[in-house]
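See structure below.
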Amino acid sequence: EYTPRHPPLQAQPLREVRDRATRAANPMPFDLERNGDLLVAILADIEAAEDLPPDDLSRILRRHPLPDGTLLSKPKLLRAYAQLCERDQRPIDTQLVRRLRVKPTRTISGVAPVTVLTKPHPCPGECIFCPSVEGMPKSYLPDEPGAMRAVAHGFDPYSQTSSRVEAMSRLGHPVDKIELLILGGSWSCYPEDYQDWFVRRCLDALNHKESETLETAQQLNETASCRNVGLVIETRPDLVTPDEVVRLRRQGVTKVQLGVQSLDDNILALNRRGHTVAHTRQAVRLLRLAGFKIQVHWMPNLLGATPDGDLEDFRRLWDDPAIRPDELKIYPTSLLAGTELHRLYELGEYEPYSEETLVDLLVECKMLIPQYCRLNRLMRDIPAPNIIAGVKRSNLRQVIQQRLAQTGQACRCIRCREIRGRPVDSASLVSQRIDYDTGATKEHFLSYATEEGLLVGFLRLSLPQMSPPVAELEGHALIREVHVYGPALQLGAQQEKVAQHIGVGTRLISDARRIAREEGYERIAVIAAVGTRPYYSGHGFALGELYMAGFTEPTSA
Ligand code: SF4
């Protein structure tokens with residue numbers, strides 16, 4: 001008889017997590033009365049410093065300890081500065097804030113990401129690796145960072161969004177362009193009225209205004225100070241139907257994270273995924289024909305997998321024309337207490353890979369990723385104490401990058417080639433074009449890069465080879481993504497030679513129009529997030545029912 005050695009997963013009592021997250025979200029204010037002069041001295045030293053590498057800032061902070069001997073941290077310093085400006089009724093110096101920005105990489109790709117979670121809701125899946133924790137959406141643990149914030153806000157979309165935007169702004173990040181990531185299990189399983197309400201309340205928070213309907217909230221966001229430039233949901237392949245893609249588009253979704261996990265029907269069945277590879281092909285085809293960006297989740301080390309088999313499976317992502325995702329998250333299977341996989345492990349029927357095996361596999365996988373794909377993650381952010389056995393490192397990506405560097409190899413995925421805020425000389429940009437077939441569409445990945453190969457911006461153009469699931473798109477070429485890099489500058493902010501401001505987007509759109517025209521298309525549509533509608537209007541696209549569209553001849557728009 002089987003007796004589990006570990007109790008079912010209850011990582012931390014929800015109340016504790018909620019209290020901890022609430023404390024983190026509402027830090028003690030800085031004592032300006034007592035320490036105002038000290039703060040002014042610190043700020044004067046920072047302003048006097050020409051450059052501000054992290055060591056110099058630490059030196060300045062060490063020079064001005066608080067009366068109790070402790071030092072101010074960057075987040076506390078930023079908060080104290082905001083309080084000082086408010087007290088003295090003077091504007092915030094954005095240059096100074098930019099120099100102090102915490103985790104600048106968070107907005108380095110040009111957009112501020114805001115993750116919110118939906119309320120706990122049953123999922124039709126029975127995946128053997130998936131944890132269930134009372135009070136949490138299926139598959140989420142309460143002590144994962146994003147989940148912790150959601151618990152603290154009772155899964156309320158408005159307060160999750162507004163508090164996250166406020167926190168990012170406090171940490172010095174511009175928040176005028178927001179990518180909303182709605183996570184929390186399979187979106188398609190939630191009732192439609194809950195989905196509509198959830199998106200509307202997220203937009204209300206960005207608009208700082210309540211709306212009666214989702215459509216009104218979307219319209220208001222077109223001119224809001226925090227524009228929604230991307231809306232992402234996650235779902236299962238078997239839940240993507242023609243009706244579902246129309247619903248997603250009506251809700252303003254632009255990118256879908258798809259739990260593919262494996263392209264081997266035996267592995268899918270062993271792990272009780274409840275869908276087949278045929279479902280995945282069908283979902284990717286529908287989403288691509290409807291213009292969505294597609295992010296695939298793939299899991300090595302599932303029950304029944306071997307390192308060689310996983311590598312073969314990974315090759316199918318690219319060799320099978322029907323898959324070929326735009327973005328990828330690799331989530332090595334984590335062995336979590338209370339799951340069916342945990343039971344099998346205790347019976348000796350499952351063994352996690354060693355770190356060496358996993359690193360070897362992922363190094364090989366990374367080298368197979370084509371230039372049109374972005375590898376967003378190599379490990380899920382699960383706090384180590386929840387993992388029973390296997391690799392617990394959260395810095396697996398760095399380990400793999402080091403290994404690649406040691407062997408003189410370089411990954412060519414989008415993320416590894418991004419310009420990341422470095423200066424750009426627009427005159428010397430090189431135009432590149434990668435064409436590939438997906439069966440349903442001919443894809444053109446157009447990009448501009450520096451002479452050293454650093455990616456400044458790219459566009460995904462799809463030329464459909466079959467009827468689209470949305471009538472409005474019939475006969476249209478389709479722009480699925482335009483992405484121009486550069487730190488997320490506030491609207492109107494000046495920063496010379498940064499990619500977002502040198503017309504790369506305009507050049508890419510005009511290239512896409514020309515290619516579509518050459519291929520015989522008179523009309524071209526774009527899947528526009530609600531906050532990007534004015535941008536596309538300026539490029540000759542007009543709002544239809546679910547998409548914006550124009551002529552491929554730019555003058556006749
Ligand atoms: S579909 Fe996703 S959320 Fe549902 S059981 Fe499977 S892994 Fe968990």
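Every number for a ligand or one of its atoms is a count from 1 in the order of the listing.
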Which protein N, O or S atoms lie under 2.8 Å from atom 8 (Fe) of ligand 1? Cys130 SG
Is it true that the side chains of His279 and Thr276 contain a donor and an acceptor less than 3.5 Å apart? yes
With a 3.5 Å cut-off and no angle check, do the side chains of Glu443 and Ser462 form a donor-acceptor pair? yes
Which residue pairs pass the ring pair (Phe, Tyr, Trp, His ring centres under 6.0 Å) test when at least one of the two sits in residues 359-389, sequence neighbours left out? Tyr372-Tyr436
Note: ligand 1 atoms sitting under 4.0 Å from heavy atoms of Arg236 are 1 (S)
Any pair counted as side chain to side chain donor-acceptor pair (under 3.5 Å), so long as it reaches residues 258-274, sequence neighbours left out: Arg273-His275
Nearest-neighbour protein heavy atom for atom 2 (Fe) of ligand 1, which is reported as residue plus atom name and distance: Arg273 NH1, 4.1 Å
With a 3.5 Å cut-off and no angle check, do the side chains of Glu472 and Tyr547 form a donor-acceptor pair? no
Listed partners of His444 passing ring-ring contact (aromatic ring centres under 6.0 Å, His included), at least two apart: none
Do Arg149 and Tyr140 form a cation-pi contact, if we require the NZ or CZ to be under 6.0 Å from the six-membered ring centre and within 45 degrees of the ring's axis? no
